[in-house]
Protein chains: 2
Amino acid sequence: MATGRTHRPATRSRGIPEATVARLPLYLRALTALSERSVPTVSSEELAAAAGVNSAKLRKDFSYLGSYGTRGVGYDVEYLVYQISRELGLTQDWPVVIVGIGNLGAALANYGGFASRGFRVAALIDADPAMAGKPVAGIPVQHTDDLEKIITDNGVSIGVIATPAGAAQQVCDRLVAAGVTSILNFAPTVLSVPDGVDVRKVDLSIELQILAFHEQRKAGEEASGEAAVPAAVTREESTDQGPDGEHPAVMPA
Amino acid sequence: MATGRTHRPATRSRGIPEATVARLPLYLRALTALSERSVPTVSSEELAAAAGVNSAKLRKDFSYLGSYGTRGVGYDVEYLVYQISRELGLTQDWPVVIVGIGNLGAALANYGGFASRGFRVAALIDADPAMAGKPVAGIPVQHTDDLEKIITDNGVSIGVIATPAGAAQQVCDRLVAAGVTSILNFAPTVLSVPDGVDVRKVDLSIELQILAFHEQRKAGEEASGEAAVPAAVTREESTDQGPDGEHPAVMPA
DNA sequence: ATGTCTTTGTGAACGCGTGCACAAAGATGG
DNA sequence: CCATCTTTGTGCACGCGTTCACAAAGACAT
């Protein structure tokens, strides 16, 4: 997931598997909804259904956090909300900067899901001088020149990159140099960061391409009754393009 | 990944592992960049570095597609671009609808990465009557009432949901009923879909929470010199909050 | 107090994904 | 034509994650 540098020992943190960590926010969301409806307890079966996972997996996930359930009853909703929040580090405030206030950056600044879970947008940063001072989501945009000062003054350790691809690595380098150790990257680029810095990437285009792959597969399977042919079939002739020697089928950026 | 319903046989499509499919867009992007620089061939080592993965992994990934390399030389860039594009189904046009034209929906509509890879924004749909007719990214917004007609008229099979969480499931149901079989969900909810429909979700808040977890871990590890204690330590006393009996530390939505 | 019934917590098996390491393939030079 | 050198393609082993299935734990009724 986290496409940091080349490799990493899977970041198996304090015994909690990475896969489990990735699901904790899911559980937290479901639990928060239950909490709002004043539901006192919930069984692993119910909660798993709400979170869209297998109940055994959920129980094993929780077992990494400790024994927080009561056999025959289930889990105390409020208690579990607190424990997961604490485990995820959401009991403290995380100041976040967003760099690159274009369409996406502005949308992120306006996104309510950040502020509601311990994340506070400390600053919006853009390279365009014309943007400076203009308020977005009630926060005045600051110029890239002040990036280092903003980071240190606010004690920011999490940065969000929403710049064009070309600027991402440079922005990333400056963020890291200024003390940021976690980066959420929306730019369609592979970022290089030193050890100790976490990078997670969100790529809208990649997600669509994965969907397209499965979509194509469905369509093809439907057309030719799914034969028992293992592979190497419907390869060359499946699409319109004829021979394969030299194909100028280059896609634009 | 794809949080469809309860389970699914891992969607092991035609022998190509899901993990490999998820990396193909990454390779494609790196290859496209090389193609623009008119680089004729590339070795697995070079390409792997550009894509941020292990070279052995890359070679194994390509081996699922076929033997497209030349030993002692490497891979033909143009040829590989074409092969991957075809495998991902990007040689054809995919009309896409975006439902929910708020900040995020508008940003997605303006996002260049879609149009450039075979994806065409066929329509923008919003439930707000005031939005109807208003152009966003050069495309007039249409009202939800016409959703079904829009889907069928344009032959849309991929839908993007960027509505508030409360409306997502309902929109999803209507999309599916109208014939959509792939959904990219930006709403912070678990969607239930019938078998045969793929759902991929992108949750900005979850990504940040995962980063916060690691960030907290770094901070804690730094404070208490990372002892060789295997686990079950620095549990209770790690954070400020003292005992754990009944904690009203509930987070807002 | 005892028995029954529900639900947790986890041991164990299995499958997928990853990475090493190397043989086979082909290019290139003499 | 042969030798050398580069790079692919893959067999193999290992580890993580998932799932099943069940014993232990506790609630609840009698």
Side-chain angles (χ1 to χ4, degrees), chain A residues 1-24 26-27 39-77 79-80 83 231-232, chain B residues 1-24 26-27 39-49 51-77 79-80 83 210 231-232:
Chain A
M1 291 274 169
T3 316
R5 202 52 154 312
T6 26
H7 53 107
R8 192 176 325 162
T11 320
R12 186 63 171 282
S13 335
R14 222 261 304 312
I16 301 183
E18 189 61 26
T20 295
V21 172
R23 279 188 295 268
L24 289 181
L26 226 56
Y27 302 144
V39 177
T41 61
V42 65
S43 72
S44 64
E45 206 71 47
E46 293 166 331
L47 186 55
V53 302
N54 183 298
S55 70
K57 192 190 296 187
L58 179 142
R59 286 197 299 276
K60 181 148 287 188
D61 282 343
F62 286 173
S63 78
Y64 292 116
L65 309 183
S67 287
Y68 294 152
T70 307
R71 296 175 191 229
V73 176
Y75 299 92
D76 182 287
V77 171
Y79 185 55
L80 206 46
Q83 290 298 344
Chain B
M1 291 271 165
T3 318
R5 201 51 158 309
T6 26
H7 54 108
R8 191 175 328 161
T11 321
R12 187 65 169 285
S13 330
R14 223 263 303 311
I16 300 183
E18 190 60 26
T20 295
V21 172
R23 279 187 296 269
L24 290 182
L26 226 55
Y27 302 144
V39 178
T41 61
V42 65
S43 72
S44 64
E45 206 71 48
E46 293 166 330
L47 186 55
V53 303
N54 182 299
S55 70
K57 193 190 297 189
L58 178 142
R59 287 196 299 276
K60 183 151 290 191
D61 282 343
F62 285 174
S63 79
Y64 291 116
L65 308 183
S67 287
Y68 294 152
T70 306
R71 295 174 193 230
V73 177
Y75 298 92
D76 182 285
V77 172
Y79 185 54
L80 206 45
Q83 289 300 344
I210 296 172

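Quantities reported herein were computed from a predicted structural model and do not represent experimental measurements. Each chain gets a letter, A, B and so on, in the order the sequences are listed, and its residues count up from 1.
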Q.
I need the NZ-C1' distance between B:K57 and C:dC16, as an integer number of Å.
A. 13 Å
Q. Can you check whether A:N54 has a side-chain N or O nearer than 4.0 Å to OP1 or OP2 of D:dG17?
A. no
Q) Partners of A:S43 by side chain to side chain contact (heavy atoms under 4.5 Å, CB included), sequence neighbours excluded? A) A:E45, A:E46
Q: Can you check each nucleotide of nucleotides 5-11 of chain C against protein heavy atoms at under 4.0 Å and return B for base, S for sugar-phosphate only, - for none, in 5' to 3' order?
A: -BBBBBB
Q: Can you tell me which residue pairs pass the salt bridge (charged side-chain N to carboxylate O under 4.0 Å, His left out) test with a partner in residues 62-75 of chain B, sequence neighbours excluded?
A: none
Q: Go through the structure and list residues passing side chain to side chain contact (heavy atoms under 4.5 Å, CB included) with A:A49, not counting sequence neighbours.
A: none
Q | B:A48: side chain to side chain contact (heavy atoms under 4.5 Å, CB included) partners, not counting sequence neighbours | A | B:V53, B:S55, B:L58
Q: Not counting sequence neighbours, which residues clear ring pair (Phe, Tyr, Trp, His ring centres under 6.0 Å) with A:F62? List them please.
A: A:Y27, A:Y75
Q | Whole-Å distance separating the CD1 atom of A:I16 from the P atom of D:dG17 | A | 12 Å
